[in-house]
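Following: one structure in structure tokens, then a few remarks.
Within every chain, numbering begins at 1; the chains are lettered A, B, ... in the order of the sequence lines, protein sequences first and strands thereafter.
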There are 2 protein chains.
Amino acid sequence: MPASPAVATAGSAAAGQGSRRRAGRPVGGVLDKAGITEAALRLIEKKGYDGLTMAALARSLNVAPSALYNHVKSKRDVLLLLEDHLASLVDVSPFGAGPWEDAVRTWAWSYRDVFSQHTPLIPVIAVLPVTDAPQTLAMYETVSAGFRDAGFPEERIVSSIVALESFIFGSAYDVTAPADIFDPGTMAEATPSFTGAVRSLAEQGHERPADVAFSLGLEALISGLGGLRG
Amino acid sequence: MPASPAVATAGSAAAGQGSRRRAGRPVGGVLDKAGITEAALRLIEKKGYDGLTMAALARSLNVAPSALYNHVKSKRDVLLLLEDHLASLVDVSPFGAGPWEDAVRTWAWSYRDVFSQHTPLIPVIAVLPVTDAPQTLAMYETVSAGFRDAGFPEERIVSSIVALESFIFGSAYDVTAPADIFDPGTMAEATPSFTGAVRSLAEQGHERPADVAFSLGLEALISGLGGLRG
DNA sequence: TTTATAAATGAATGGCATTCATTTAGTGGT
DNA sequence: ACCACTAAATGAATGCCATTCATTTATAAA
């Protein structure tokens with residue numbers, strides 16, 4: 001009788017914990033995709049991506065690990081759910097409500113900020129067909145419309161967005177880099193130009209060097225890509 | 001006698017396989033960092049990064065998995081060795097031998113091409129202190145010198161390189177994306193602007209859409225960052 | 001009441017990186 | 001020639017991980 005002791009556990013879980021049950025939905029079980037996404041997000045917040053294991057996720061939902069597989073095909077599916085949720089947090093509001101440059105700037109900073117806390121998702125996004133990610137697709141729709149309305153020729157819109165996105169993803173990693181990443185250490189004398197440049201940047205005393213690089217690159221992209229408009 | 005049967009194996013390995021033994025080096029063992037790097041590279045070429053396990057790597061060197069730990073602290077160390085080797089393949093030759101724009105262009109394409117075959121290293125690079133990667137540091141030195149000689153103010157050099165690198169890493173992922181990544185599927189009617197833009201790009205019939213986006217973004221960055229020169 | 005189905009269970013399974021006590025074989029000093 | 005030292009192997013754990021599977025339960029439908 002493998003499942004008999006578990007009934008008590010699962011039952012007390014559904015009752016004891018903030019119910020994950022939706023109103024109109026058949027009362028099938030304790031779990032659903034929204035609940036899994038929410039729990040995964042909480043887990044990552046607390047333990048980081050190293051702590052996001054199927055076992056830990058199941059435990060946080062008071063459920064056996066194998067139960068998750070009734071709702072997701074694999075751990076990758078969980079990451080996909082996370083990605084799509086995060087896409088909905090990206091600020092696309094200024095598109096259509098102001099100059100193109102300002103909209104892109106707001107969008108790009110927001111996009112980078114959201115994913116800099118979730119860099120382990122970036123390799124997943126890069127290969128994720130948008131079909132599987134409705135919120136992500138919605139973001140692309142708003143951004144594309146913004147580009148079209150700003151006068152971009154249709155055949156350049158996707159490439160321009162991809163170029164910006166590539167920069168954004170790369171820059172998201174940058175945010176998480178340790179402060180001393182460019183310390184040349186014992187090789188300092190062998191690399192005078194680089195060492196000088198690093199020192200010179202450090203002397204500027206910027207709080208977040210990653211922001212300086214991001215701003216520099218983003219403004220270059222905005223003015224460069226902006227020139228494509230007809 | 002745990003090690004006695006293995007002697008034959010290890011011995012026949014050193015003899016049977018293309019010797020990894022360096023000339024002037026004390027005859028200590030079969031392994032060294034260069035040999036491990038080489039073997040890892042061959043393994044990745046054949047089986048991809050999923051095939052790069054410590055067990056498989058050891059087997060390709062005719063050695064027990066635990067033997068590797070006499071030369072590297074962890075698997076991450078192996079990835080570091082790989083990264084630094086790949087950095088030496090990036091083309092920095094035109095720096096100092098032509099206009100800054102051309103040098104950056106060549107360097108960036110080469111950098112992207114090398115790492116687009118090794119995207120699993122990107123999360124590693126992003127957090128890798130350059131101290132541990134002499135070849136990488138050498139690349140930075142050449143590039144920094146090129147920027148300085150082109151008239152960049154010293155305090156902007158590192159930020160400019162970081163911006164370019166961020167774009168390069170993001171774009172490297174892009175190369176590996178499936179062709180149908182932007183197929184909106186059943187949501188096509190709900191996303192007219194995006195769907196139209198995707199269709200319009202597809203009709204251009206570019207062989208590698210990723211190259212179009214990379215070129216667009218790179219040229220924008222080159223002209224935007226080029227404006228920083230004094 | 002019966003039947004079908006969705007959604008749990010817990011016990012494997014197999015793969016993985018890493019650790020450890022032990023053994024081996026060379027090196028340098030006496 | 002002997003001996004101690006040490007670098008570099010061995011193979012047998014260890015512990016973590018995602019995933020699978022036969023089985024059981026509880027609800028919904030008929």
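Following rounding to the nearest Å, B:Met54 (CE) and D:dT14 (P) show an atom-to-atom distance of 21 Å. Put simply, CG on B:Leu57 is 14 Å from C1' on C:dC16, counting in whole angstrom units. Look at CG on B:Leu43: it is 11 Å from P on C:dC16, rounded to the nearest Å. Between the CG atom of A:Asp77 and the C1' atom of D:dT19 there is a distance of 13 Å, given to the nearest Å. With rounding to whole Å, B:Lys47 atom NZ is found 12 Å from C:dC16 atom P. In this entry the distance linking CZ of A:Arg59 with P of D:dA18 reads 13 Å, nearest Å. Rounded to whole Å, atom P of D:dG11 lies 12 Å from atom CG of B:Asn62. A straight line from CG of B:Asp50 to C1' of C:dA17 spans 15 Å, rounded to a whole angstrom.
Within the structure, ring pair (Phe, Tyr, Trp, His ring centres under 6.0 Å) pairs that include any residue of residues 113-136 of chain B comprise B:Tyr49-B:His118, B:Tyr111-B:Phe115 (at least two apart or interchain).
DNA chain C lies under 4.0 Å from at least one heavy atom of each of the following residues of residues 64-75 of chain B: B:Ser66, B:Tyr69, B:Ser74, B:Lys75.
Among residues two or more places apart in sequence or in another chain, the side-chain hydrogen bond (donor to acceptor under 3.5 Å, both in side chains) test is passed with B:Arg208 by B:Asp211. Not counting sequence neighbours, the partners of A:Ser66 by the side chain to side chain contact (heavy atoms under 4.5 Å, CB included) test are A:Ala64.
Put simply, the side chain of A:Ser215 never gets that close to the backbone of A:Val212: no donor and acceptor are under 3.5 Å apart.
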Extract all donor-acceptor atom pairs below 3.5 Å that involve side chains of residues 82-89 of chain A and protein atoms in other chains or at least two apart in sequence.
from    : atom 1 : to       : atom 2 : distance (Å)
A:Glu83 : OE1    : A:Thr136 : OG1    : 3.1
A:Glu83 : OE2    : A:Thr136 : OG1    : 3.3
A:Asp84 : OD1    : A:Gln135 : N      : 3.0
A:Asp84 : OD1    : A:Thr136 : N      : 2.8
A:Asp84 : OD1    : A:Thr136 : OG1    : 2.8
A:Asp84 : OD2    : A:Gln135 : N      : 3.1
A:Ser88 : OG     : A:His85  : O      : 2.6

For residues 176-190 of chain A, which side-chain donor-acceptor pairs fall under 3.5 Å, sequence neighbours excluded?
from     : atom 1 : to       : atom 2 : distance (Å)
A:Thr176 : OG1    : A:Tyr173 : O      : 2.8
A:Asp183 : OD1    : A:Gly185 : N      : 3.0

